[in-house]
Amino acid sequence: MSSIIEDLIARKVFNNRGEETIEVDVITTGGFGRASTPAGKSRGKTEVTYYPQGGVDQAVKKVDDLIAPELAGLNSDFQEEIDNTLHELDGTTDFKNIGGNTACAISLANAEAAANSHGLLLFQFLGGNAATTLPYPLGNCISGGEHARGKAPDIQEYLALPHGAETFLEAQTANTQIHRKIGDALKKKNSQFNGGKSDEGAWIANIDTVDAFDVIAKACEEVGNELDFECGFGIDVAASTLWRPKEEKYVYSCEGKKLDTSEQLEFMLELIEKYHLAYVEDPFNEEDFESFATLTRKAKNCLICGDDLFTTNTERLNNGIKINAGNAIIIKVNQIGTLSDAVQTIETAQRYGYDPVMSHRSGDTCDWHIAHLAVAYRCPLIKTGVVEGARIAKLNELIRIEHFLGNRAKMADLKIR
Ligand code: PGA
Ligand code: ZN
């Protein structure tokens with residue numbers, strides 16, 4: 001079928017926080033694609049700019065007046081050409097003029113339109129016949145830090161990781177049970193607990209940073225025993241949000257403690273050992289590549305992942321690779337702007353033994369593209385919550401992909417190292 005771009009249609013829609021965001025339709029001579037973009041709350045400093053001055057309204061206008069006429073007539077099959085054109089039209093290094101979210105929505109909608117023009121699902125079009133591997137879901141069960149309002153742990157996310165599951169459906173089943181058990185345990189622990197949840201659908205409770213570890217550890221162990229496979233867990237410290245540069249300390253306000261960099265390193269090592277953490281994201285502030293490298297060297301059987309550290313940026317990842325800072329990287333397309341840029345980062349990561357972790361954002365829509373990207377680009381992990389509409393949209397899409405693949409589907413070869 002023919003995949004020449006005929007038109008782009010942009011509109012303002014809303015994410016799960018009720019914030020304005022952009023949605024773009026790409027219409028080709030033989031197909032159609034639609035994508036909307038997420039938004040972060042604990043953003044990395046080196047992420048691209050989301051919107052031009054004037055916000056989403058101005059972004060929509062740029063699509064109508066500037067971008068749609070330029071892309072019309074191009075072939076949606078050539079993703080890099082489309083993405084390069086977006087860079088050229090923008091003319092800055094961080095998408096200040098057209099907005100990174102504008103670029104991201106167009107880029108993903110274009111990929112889908114191309115796939116649709118060829119009668120293929122997105123993961124098939126992007127990943128080919130060899131794309132048969134499902135990622136393990138990192139499921140956020142307890143929220144803290146900037147993702148909580150009021151009293152909550154200082155660590156931003158406590159994430160279940162059922163790495164013994166043999167299918168994606170089994171893995172997501174485990175995560176839902178762990179999430180439910182944690183809700184029950186929090187209620188038992190504190191009669192004031194009212195079942196509040198964060199944007200990502202994780203529980204928010206007035207519980208100690210360290211107590212939260214005991215709660216999730218117990219739930220993972222119980223569900224692991226019931227389902228008869230290993231359920232581990234990890235954390236996203238989002239340490240840039242705890243870091244006070246003037247004092248050079250990580251401030252845990254819920255605990256009332258302040259740690260300098262070497263104390264933070266000791267604390268992370270202690271947690272990894274005590275709770276057998278399988279995954280630690282952003283344990284240090286986003287400029288401290290050195291401490292990431294030290295922790296990566298010292299930690300055993302644990303993925304050390306950079307989110308704010310790398311912001312899906314190949315150059316920043318290359319800085320990390322030079323000194324072995326981390327062994328995993330969060331991939332958020334809207335941190336960098338286009339699919340081609342994100343793919344370049346994924347491929348660089350894989351070349352140097354870093355595991356790419358495809359990720360949602362705390363403010364998200366029911367857009368499901370990251371489910372397909374995780375399979376297409378063989379990401380061994382996907383981070384997308386456990387419950388809540390925007391998360392379920394992605395998780396159920398992975399269940400559909402697994403179902404579609406039938407006996408060709410297999411789980412990723414996840415090495416916790
Ligand atoms: P976000 O944070 O609020 O920026 O999406 C999620 C994360 O830190 O992984
Ligand atoms: Zn993070």
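The structure displayed is predicted, hence computed values, not measured ones. This chain uses plain numbering: 1 for the first residue, then up along the sequence. Just so it is clear, the values below take in all heavy atoms, side chains as well, and ignore hydrogens, waters and symmetry mates.
Summarising the geometry of N327 relative to L303, their closest heavy-atom pair is OD1-CA, 3.3 Å, with the distance given to 0.1 Å. The heavy-atom pair separating I22 from Y51 by the smallest distance is N-OH, 3.5 Å. Between D341 and T314, the shortest heavy-atom distance links the atoms O-OG1, 4.3 Å. Across every non-hydrogen atom of S359 and I370, the tightest pair is C-CD1, 3.7 Å. Residue T312 comes nearest to I330 through the heavy atom pair OG1-O, 3.5 Å, listed as atom of the first residue, atom of the second, then distance. Taking both residues in full, the closest heavy atoms of V333 and L339 are given as CG1-N, 3.9 Å, listed atom of the first, atom of the second, then distance.
Between F292 and F310, every side-chain heavy-atom pair lies at or beyond the 4.5 Å cut-off. Using a 4.5 Å heavy-atom cutoff, the side chains of L8 and D25 are not in contact. Contact check for R378 versus Q350: side-chain heavy atoms found under the 4.5 Å cut-off. You'll find the side chain of N285 reaches within 4.5 Å of the side chain of Y250, heavy atoms only. Side-chain contact check for I27 versus I5: every heavy-atom pair is 4.5 Å or farther apart. Using a 4.5 Å heavy-atom cutoff, the side chains of S42 and Q156 are in contact. The shortest distance between side-chain heavy atoms of K246 and R244 does not fall below 4.5 Å. By the 4.5 Å heavy-atom criterion applied to side chains, V357 and I382 are not counted as neighbours.
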The test is ring pair (Phe, Tyr, Trp, His ring centres under 6.0 Å); show your working for Y136 and Y279 and say whether it passes. CA-CA 12 Å; Y136 282 93; Y279 176 89; over 10 Å; no
Give the C-alpha distance, both sets of side-chain angles, the deciding distance and a yes or no for salt bridge (Lys or Arg N to Asp or Glu O under 4.0 Å) between R400 and E397. CA-CA 5 Å; R400 286 181 204 108; E397 189 65 12; 2.6 Å; yes
Show, in sequence, the C-alpha distance, side-chain angles and deciding distance for R391 and E200, and conclude whether the side-chain contact (heavy atoms from CB on, under 4.5 Å) test is met. CA-CA 7 Å; R391 325 297 148 190; E200 297 190 1; 4.1 Å; yes
S107/N110 under side-chain hydrogen bond (donor to acceptor under 3.5 Å, both in side chains): CA gap, chis, key distance, verdict: CA-CA 5 Å; S107 189; N110 177 75; over 6 Å; no
Where do Q124 and V375 land on the side-chain contact (heavy atoms from CB on, under 4.5 Å) test, with the steps shown first? CA-CA 9 Å; Q124 297 176 295; V375 177; over 6 Å; no
S262 and D260: side-chain hydrogen bond (donor to acceptor under 3.5 Å, both in side chains), yes or no, with the steps? CA-CA 6 Å; S262 66; D260 65 21; 3.2 Å; yes
Just do the salt bridge (Lys or Arg N to Asp or Glu O under 4.0 Å) check on D413 and K415 with the steps written out, would you? CA-CA 6 Å; D413 182 16; K415 287 187 191 67; 2.9 Å; yes
Before giving the answer on side-chain contact (heavy atoms from CB on, under 4.5 Å), spell out for V210 and Y275 the whole-Å C-alpha distance, their side-chain angles and the decisive distance to 0.1 Å. CA-CA 11 Å; V210 174; Y275 295 102; 4.1 Å; yes
Given side-chain hydrogen bond (donor to acceptor under 3.5 Å, both in side chains), test D90 with T92 step by step and report yes or no. CA-CA 6 Å; D90 178 76; T92 69; 2.5 Å; yes
Test salt bridge (Lys or Arg N to Asp or Glu O under 4.0 Å) on R34 and E112; report intermediate values, then the result. CA-CA 7 Å; R34 170 176 292 159; E112 189 196 331; over 6 Å; no
CA sep, side-chain torsions, deciding dist, call: S362, R17, side-chain hydrogen bond (donor to acceptor under 3.5 Å, both in side chains): CA-CA 9 Å; S362 55; R17 279 200 279 262; 3.0 Å; yes
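Annotation: cation-pi pair R43/Y50 present, NZ/CZ under 6.0 Å from the ring centroid and within 45° of its normal. Within the cation-pi definition used here (under 6.0 Å to the ring centroid, within 45° of the axis), K197 qualifies as a partner of W203.
In this structure, E80 places its CD atom where only 12 or fewer heavy-atom neighbours from other residues, nucleotides or ligands lie under 6.0 Å away. Summarising the local packing, OH of Y352 is surrounded by 12 or fewer heavy atoms from other residues, nucleotides or ligands at distances under 6.0 Å. Counted within 6.0 Å of CD on E166, heavy atoms from surrounding residues, nucleotides or ligands total 12 or fewer; the atom is thus considered open. At most 12 non-hydrogen atoms from other residues, nucleotides or ligands lie less than 6.0 angstrom from CD of E315. In this structure, N129 places its CG atom where only 12 or fewer heavy-atom neighbours from other residues, nucleotides or ligands lie under 6.0 Å away. The neighbour count for E273 CD, taken as heavy atoms of other residues, nucleotides or ligands under 6.0 Å away, does not exceed 12. Within 6.0 Å of atom CD in E248, 12 or fewer heavy atoms from other residues, nucleotides or ligands are found, so the atom counts as exposed in its surroundings.
Results of the side chain to side chain contact (heavy atoms under 4.5 Å, CB included) test with H179 over I142, V223, V387 single out V387 as the only residue that passes. Considering I67, V60, L66 in turn, I67 is the only one that fulfils the side chain to side chain contact (heavy atoms under 4.5 Å, CB included) rule with V63. Shown are D307, D236, N140; of these, the side chain to side chain donor-acceptor pair (under 3.5 Å) with K383 is made only by D236. Tested against P283 for a side chain to side chain contact (heavy atoms under 4.5 Å, CB included), the candidates L295, I272, D288 yield a single pass: L295.
When ring centroids are compared, Y158 and F213 come within the 6.0 Å threshold. Checked against the 6.0 Å centroid criterion, the rings of H372 and F125 do not qualify as a close aromatic pair.
The structure places CD1 of I155 at 6.0 Å from OG1 of T209, a figure rounded to the nearest 0.5 Å. In this structure, NE2 on H147 lies 7.0 Å from NZ on K41, to the nearest 0.5 angstrom. Here D364 contributes atom CG and N15 contributes atom CG; the two are 7.5 Å apart, rounded to the nearest 0.5 Å. Atoms OG1 and CZ, on T21 and R11 in that order, are 12.5 Å from each other to the nearest 0.5 Å. Taking SG of C379 as the reference point, atom CG of L373 lies at 8.0 Å (rounded to 0.5 Å). One finds the NE2 atom of H369 at 11.5 Å from the OG1 atom of T37 (value rounded to the nearest 0.5 Å).
Between R408 and E402 there is no salt bridge, since no side-chain N of the basic residue sits under 4.0 Å from a carboxylate O of the acidic one.
Side-chain polar atoms of T49 and D94 form a donor-acceptor pair below 3.5 angstrom.
Side chain of E70 to backbone of L89: no donor-acceptor contact under 3.5 angstrom is found. Looking only at distances, a side-chain donor or acceptor of K394 sits under 3.5 Å from a matching main-chain atom of A390. Within the 3.5 Å criterion, the main-chain N or O of P38 finds a donor-acceptor partner in the side chain of N101.
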